[in-house]
Amino acid sequence: MYTQGFLTGALSAAAVYAIYTVLVEGSLSGIKQSSNHDAEFHKNDIASGEDILKYGVPNRGPALRYYRNHILAYDQSKRTPVWVAEHLTKEKLHGNADRRKSKFRPDPAVPSMFSSGNGDYLGSGWSRGHMAPAGDNKYDQEAMDDTFYLTNIVPQDMENNAGFWNRFEMFCRDLTKQFTDVRVISGPLALPNLEEDGKKYVKYEVIGDSMVPVPTHLFKVILTENAETDQHSQFLGAFIVPNVPISSEHKLQKFQVPLEDLERVAGVTFFDKLDKGQVQDLCSSDRCQLIPQKHFEMHFIGRRMENAKTVEELENIWNEMKNKKSKPTKDIKNLYEERKEELMPDRMRAELK
DNA sequence: CTGTTAACC
DNA sequence: GGTTAACAG
């Protein structure tokens with residue numbers, strides 16, 4: 001397609017035909033055409049793989065790696081995953097696994113020359129973004145620990161990671177409330193950019209001594225189904241999100257793309273064995289709503305209030321929120337009053353009486 | 001929840 | 001270096 005476009009754009013139709021006849025038919029130079037009659041000759045001419053690969057195949061391709069609760073294809077030349085697949089269920093989202101007990105570290109199974117290190121990310125300006133989220137593995141500490149291997153990590157914009165992408169991951173988890181099975185495949189992309197000279201270039205920063213590529217975009221493919229009900233209704237959505245801060249004004253659907261478009265740029269097909277004819281659009285019926293930014297903020301303000309150790313700290317959180325002009329919800333206000341009462345020293349309480 | 005940085009032994 | 005505490009979206 002590209003070749004044809006290039007040729008017809010640069011040359012006349014007659015010239016194109018001339019080139020065609022030279023290359024394919026060999027009519028002008030008298031080159032003997034190869035035909036099906038020669039097939040046997042070529043067949044015998046094929047070298048034996050045993051000979052060529054006597055000393056093994058180059059071990060540089062994407063390799064499948066299996067962990068407790070996710071599987072990924074790892075690109076050793078980029079020190080990042082190509083894709084990471086996981087299976088979300090309600091059960092896996094509940095438990096006592098604590099991310100504070102986990103540490104980012106290289107997967108010991110990956111040769112160090114093909115692995116990134118924490119030092120690559122330190123001071124780089126980019127955060128270590130999980131592809132399989134830690135929060136999807138509350139049921140098991142070791143499964144959560146697995147997600148902290150750097151094989152599962154890509155350089156990600158901090159605000160994107162903590163904000164939009166975070167809410168995107170929450171959205172995936174919330175889907176388990178409607179569906180028994182949620183399958184998610186995530187990964188980095190390096191997409192071409194149209195530059196001033198009118199040409200497209202793939203350009204990305206690399207960080208640290210390992211030169212870890214900073215993806216221009218991240219993708220997710222989500223497939224949901226209900227095993228319990230007889231209806232085979234499955235829903236699928238593919239998304240490409242730029243690796244930059246994304247304001248809460250943007251809806252998730254803005255980043256939805258046809259699955260094939262993603263597959264084309266990712267160089268991978270997803271859910272190959274799925275009968276796509278039966279599958280419906282995940283985002284139909286208004287199903288692709290991220291949790292509202294306000295609820296998102298209030299959730300963490302609530303957590304901070306619960307952890308506040310002094311009245312001053314509590315007041316600071318309260319005032320900080322007010323300064324941001326985000327009005328507290330009723331729950332937050334109740335929590336504030338509650339904590340205030342709890343943290344109030346006995347003597348102060350006595351003085352009030 | 002998502003993370004980083006600074007300080008410490 | 002590994003762990004802890006404080007901080008930020």
So what does Glu169(A) hit on the nucleic acid, given a heavy-atom distance under 4.0 Å: a base, only sugar-phosphate, or nothing? sugar-phosphate
Hey, is the side chain of Arg99(A) poking within less than 4.0 Å of OP1 or OP2 on dG3(B), counting only N and O atoms? yes
Row check, Phe235(A) ring normal vs Arg287(A) NZ/CZ: under 6.0 Å, within 45°: yes
With respect to the phosphate group of dG3(B), does any side-chain polar atom (N or O) of Arg128(A) fall under 4.0 Å of OP1 or OP2? no
Using 30° and 60° as the class boundaries, would you call the ring planes of His130(A) and Phe104(A) parallel, tilted or perpendicular? tilted
Whole-Å distance, Tyr121(A) OH to dT2(B) P, equals 16 Å
Could you check whether Tyr67(A) and Asn152(A), counting side-chain N and O atoms only, form a donor-acceptor pair closer than 3.5 Å? no
Contact nearer the 5' end of DNA chain B, comparing Ala97(A) with Trp126(A): Ala97(A)
Rounded to the Å, how far apart are Ile317(A) CD1 and dG9(C) P? 14 Å
I need the CG-P distance between Asp98(A) and dC1(B), as an integer number of Å. 7 Å
Gln256(A) vs Cys288(A) side-chain heavy atoms within contact, under 4.5 Å: no
Taking CG from Leu290(A) and C1' from dG9(C), how many angstroms apart are they, rounded to a whole number? 16 Å
Just the rounded figure in Å: distance from P of dA8(C) to CD of Glu297(A). 15 Å
For a quick test of reading the model: is some side-chain N or O of Lys103(A) closer than 4.0 Å to OP1 or OP2 of dT3(C)? yes
Gap between atoms CG and C1', on Asn161(A) and dG9(C) respectively (whole Å): 10 Å
At under 4.0 Å, does any side-chain N or O of His130(A) touch on OP1 or OP2 of dG3(B)? yes
Touch check for His299(A), heavy atoms < 4.0 angstrom, all strands: base, sugar-phosphate only, or nothing? nothing
Leu122(A) CG to dT4(B) P, in whole Å, measures 9 Å
Distance in angstrom units between His295(A) NE2 and dC1(B) P, rounded: 20 Å
What does Gly163(A) touch in the nucleic acid at a heavy-atom separation under 4.0 angstrom: a base, only the sugar-phosphate, or nothing? nothing
Quiz question: by atom type and distance under 3.5 Å, do the side chains of Thr89(A) and Glu91(A) form a donor-acceptor pair? yes
If you check every side-chain atom of Phe296(A), which of dG3(B), dG9(C), dT2(B) has the closest atom? dG9(C)
